Peer 1: 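Shown below is the structure under consideration.
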Amino acid sequence: MTPTNKTAQLPISFELFPPKTPEGAIKLRATRQALYALNPEYCSVTFGAGGSTQAGTFATVTEILAEGRVAACHISCMGATKASMREQLATLKAMGVKRLVALRGDLPSGFGAGGDFHYASELVAFIRAETGDAFHIEVAAYPEIHPQARSAGDDLKSYAAKIKAGANSAITQYFYNSDAYFRFVDDAYKMGVDVPVVPGIMPITSSSQLIRFSDMCGAEIPRWIRLRLQGFADDTASIKSFGLDVTTDLCDQLRNGGVPGLHFYSMNQSAPMLEVLQRLQPL
Ligand code: FAD
């Protein structure tokens with residue numbers, strides 16, 4: 001049975017990254033068609049550090065729009081000047097983009113920061129000042145605390161600053177502990193910040209990749225998940241099967257807790273999302 005999401009109450013969305021090769025672009029087109037069957041609210045496209053993937057990001061966004069779908073373009077300000085950002089915003093507007101995911105980004109090691117922006121809140125304020133309400137702006141949220149934050153309290157204040165600067169909603173870094181998400185939303189609410197916070201979901205399909213990503217971005221892999229994955233060694237079938245169970249249970253808990261949507265880090269694959277969302281039907 002082909003899973004569909006036509007009657008979904010809960011909005012879903014997918015993050016894609018720009019392909020590096022023509023073969024990757026062909027594969028991504030097929031992935032998108034499979035994901036479109038789930039009726040996503042939008043697909044977002046990542047933006048490489050320091051603008052390194054700008055051409056690929058914009059090309060992928062253009063394809064999604066040409067396919068009649070809503071595209072959200074990630075945009076990062078680390079290393080950018082106001083003039084270069086103004087130019088990118090004008091291009092995105094002319095392309096017909098209506099949604100942005102506004103980020104600070106990270107510069108590859110060895111690059112000096114430079115540029116006119118220090119934090120994503122400054123980027124959000126700049127986008128609003130330059131383009132008014134032309135874009136729906138999402139920002140990043142970190143239920144398990146951004147790795148460079150001075151403290152949990154400071155990180156929450158940084159998040160609030162992005163919303164006060166004009167962001168409409170947030171997507172979280174991925175996590176496997178739903179308590180962290182619900183606590184974050186409660187704490188933000190107590191500070192008077194009540195925009196939708198959509199949990200970011202990273203389906204587990206590979207042990208080494210997950211551990212590498214999580215070490216980089218500060219997402220915690222609970223001990224029991226890490227040990228179970230280690231126990232499967234190279235048994236990819238068991239890793240995938242376990243990963244689907246964990247991801248489905250997490251989405252189920254989040255849905256039962258009343259989240260405003262589910263945003264999947266697709267890693268340019270469709271199979272894990274098709275399976276998880278089929279298991280969750282009706283959403
Ligand atoms: P910010 O909100 O600016 O926060 C960065 C750090 O600075 C935090 O520790 C914060 O607490 C601190 N901070 C903020 N304001 C202040 C202040 N005024 N004073 C002191 N400290 C402050 N990266 C990419 O390169 N491309 C992408 O496409 C991309 N997409 C992403 C999508 C999502 C949904 C998420 C969650 C992350 C994404 N990232 C992406 C990663 C992101 O760029 C990194 O996590 C980056 O390190 C922080 O970006 P930010 O926008 O959250 O920064």
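Start at 1 with the first residue, then count along the sequence. Counting starts at 1 for both ligands and their atoms, in listed order. Just so you know, these numbers use all the heavy atoms, side chains as well, and skip hydrogens, waters and symmetry mates. Quick caveat, the model's predicted, so the values are computed rather than measured.
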Peer 1: For the residue pair P260 and P11, what are the closest heavy atoms and their distance?
Peer 2: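 In this case the closest contact between P260 and P11 is O-CD, 3.3 Å.
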Peer 1: Which residue holds the protein heavy atom closest to atom 29 (C) of ligand 1, what is that atom called, and what is the gap in Å?
Peer 2: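 Closest protein heavy atom to atom 29 (C) of ligand 1: L103 CD1, 3.3 Å.
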Peer 1: Only heavy atoms count here, so choose which of E122, H74, H263, R104 is nearest to atom 30 (N) of ligand 1.
Peer 2: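 Checking each option, the heavy atom nearest atom 30 (N) of ligand 1 is found in H74.
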Peer 1: Do Y142 and ligand 1 have an N or O pair less than 3.5 Å apart?
Peer 2: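 Yes.
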Peer 1: Hey, do the aromatic rings of Y159 and F184 have their centres closer than 6.0 Å?
Peer 2: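 Distance test on ring centres: under 6.0 Å, yes.
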Peer 1: Does the side chain of F17 come within less than 4.5 Å of V45's, by heavy atoms?
Peer 2: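 The answer is no; the side chains never approach within 4.5 Å.
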Peer 1: Of all the atoms in ligand 1, which lie at a distance below 4.0 Å from a heavy atom belonging to T46?
Peer 2: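 The list of qualifying atoms is 28 (O).
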Peer 1: Do any heavy atoms of E138 fall under 4.0 Å from ligand 1?
Peer 2: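 In this structure, E138 fails to qualify as a contact of ligand 1 - no heavy atom is under 4.0 Å.
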Peer 1: Between the candidates C217, A140, S158, which shows the shortest non-hydrogen contact distance to atom 13 (N) of ligand 1?
Peer 2: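 Looking at heavy atoms only, the winner is S158.
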Peer 1: So which atom in E41 and which in V70 form the shortest heavy-atom distance, rounded to 0.1 Å?
Peer 2: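 For E41 and V70, the tightest heavy-atom pair comes out as O-CB, 3.5 Å.
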Peer 1: Measure the distance from atom 23 (N) of ligand 1 to every protein heavy atom, then report the residue, atom name and distance (to 0.1 Å) of the closest one.
Peer 2: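 Going atom by atom, the protein heavy atom closest to atom 23 (N) of ligand 1 ends up being G105 CA, 4.3 Å.
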Peer 1: Considering residues at least two apart in sequence or located in another chain, which fulfil the side chain to side chain donor-acceptor pair (under 3.5 Å) criterion with R279?
Peer 2: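 Testing R279 for side chain to side chain donor-acceptor pair (under 3.5 Å), a comparison that skips the adjacent residues, returns D245, E275.
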Peer 1: Which ligand 1 atoms are under 4.0 Å away from a heavy-atom of D155?
Peer 2: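 Selected atoms, number and element: 8 (C), 9 (O), 10 (C), 11 (O).
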Peer 1: Side chains of T57 and H74: donor-acceptor distance under 3.5 Å anywhere?
Peer 2: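 Their side chains do not contain a donor-acceptor pair, so the 3.5 Å distance test is not met.
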Peer 1: Please say whether the positively charged group of R99, taken as NZ for Lys or CZ for Arg, lies over the ring of Y42, i.e. under 6.0 angstrom from the six-membered ring centre and within 45 degrees of the axis.
Peer 2: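 Satisfied, under 6.0 Å and within 45°.
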Peer 1: For ligand 1 and F47, I'd like to know whether there is a polar contact (N/O to N/O, distance under 3.5 Å).
Peer 2: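 F47 vs ligand 1: N/O contact under 3.5 Å present.
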Peer 1: Please report the shortest heavy-atom distance between L254 and S178, naming the atom on each side.
Peer 2: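 Shortest heavy-atom separation between L254 and S178 comes out as CD2-CB, 4.0 Å.
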Peer 1: Looking only at distance, does H146 have an N or O less than 3.5 Å from an N or O of ligand 1?
Peer 2: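 Yes; the residue has a nitrogen or oxygen that sits under 3.5 Å from a nitrogen or oxygen of the ligand.
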Peer 1: To the nearest 0.1 Å, how far is atom 2 (O) of ligand 1 from its closest protein heavy atom, and which atom is that?
Peer 2: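 Checking every protein heavy atom, the shortest distance to atom 2 (O) of ligand 1 gives K162 NZ, 2.7 Å.
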Peer 1: Under 3.5 Å between any N/O of A102 and any N/O of ligand 1: does that happen in this structure?
Peer 2: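 No, there is no polar N/O contact under 3.5 Å.
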Peer 1: Pull out every atom of ligand 1 sitting under 4.0 Å from any heavy atom of I171, numbered as shown with elements.
Peer 2: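 What qualifies from ligand 1 is 34 (C).
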Peer 1: Numbering the atoms of ligand 1 from 1, which are under 4.0 Å from a heavy atom of D106?
Peer 2: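 Going through ligand 1 atom by atom, the ones under 4.0 Å from D106 are 44 (C), 46 (C), 47 (O).
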Peer 1: Given side chains that start at C-beta, do those of Q269 and T205 come closer than 4.5 Å, heavy atoms only?
Peer 2: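 They are in side-chain contact.
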Peer 1: If you measure every N or O of H118 against every N or O of ligand 1, does any of those distances drop under 3.5 Å?
Peer 2: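 N/O-N/O distance under 3.5 Å: no.
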Peer 1: Please report the shortest heavy-atom distance between F135 and L89, naming the atom on each side.
Peer 2: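 Residues F135 and L89, closest heavy atoms: CZ-O, 3.9 Å.
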Peer 1: What atoms in ligand 1 come closer than 4.0 Å to a heavy atom of A149?
Peer 2: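 Those atoms are 9 (O), 11 (O).
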Peer 1: Atom 3 (O) of ligand 1: which protein heavy atom is closest, and how many Å away?
Peer 2: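 Residue, atom and distance for the closest contact: A120 N, 2.8 Å.
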Peer 1: What residues form a ring pair (Phe, Tyr, Trp, His ring centres under 6.0 Å) with F47, not counting sequence neighbours?
Peer 2: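 Per chain and number, F47 pairs via ring pair (Phe, Tyr, Trp, His ring centres under 6.0 Å) with no residue.
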Peer 1: Considering only heavy atoms of Q173, which atoms of ligand 1 have at least one such atom less than 4.0 Å away?
Peer 2: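 Contacts of ligand 1 toward Q173, numbered from 1: 36 (C).
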Peer 1: Mark whether atom 26 (N) of ligand 1 lies under 4.0 angstrom from at least one protein heavy atom.
Peer 2: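 Answer yes: something from the protein, a heavy atom, is under 4.0 Å.
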Peer 1: Of all heavy-atom pairs between A120 and L103, which one has the smallest distance, and what is that distance?
Peer 2: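 So the minimum-distance heavy-atom pair works out to CB-C, 3.9 Å.
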Peer 1: Please work out which of Y265, Y159, Y174, Y119 has its closest non-hydrogen atom nearest to atom 19 (N) of ligand 1.
Peer 2: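 Comparing heavy atoms across Y265, Y159, Y174, Y119, the nearest one to atom 19 (N) of ligand 1 lies in Y119.
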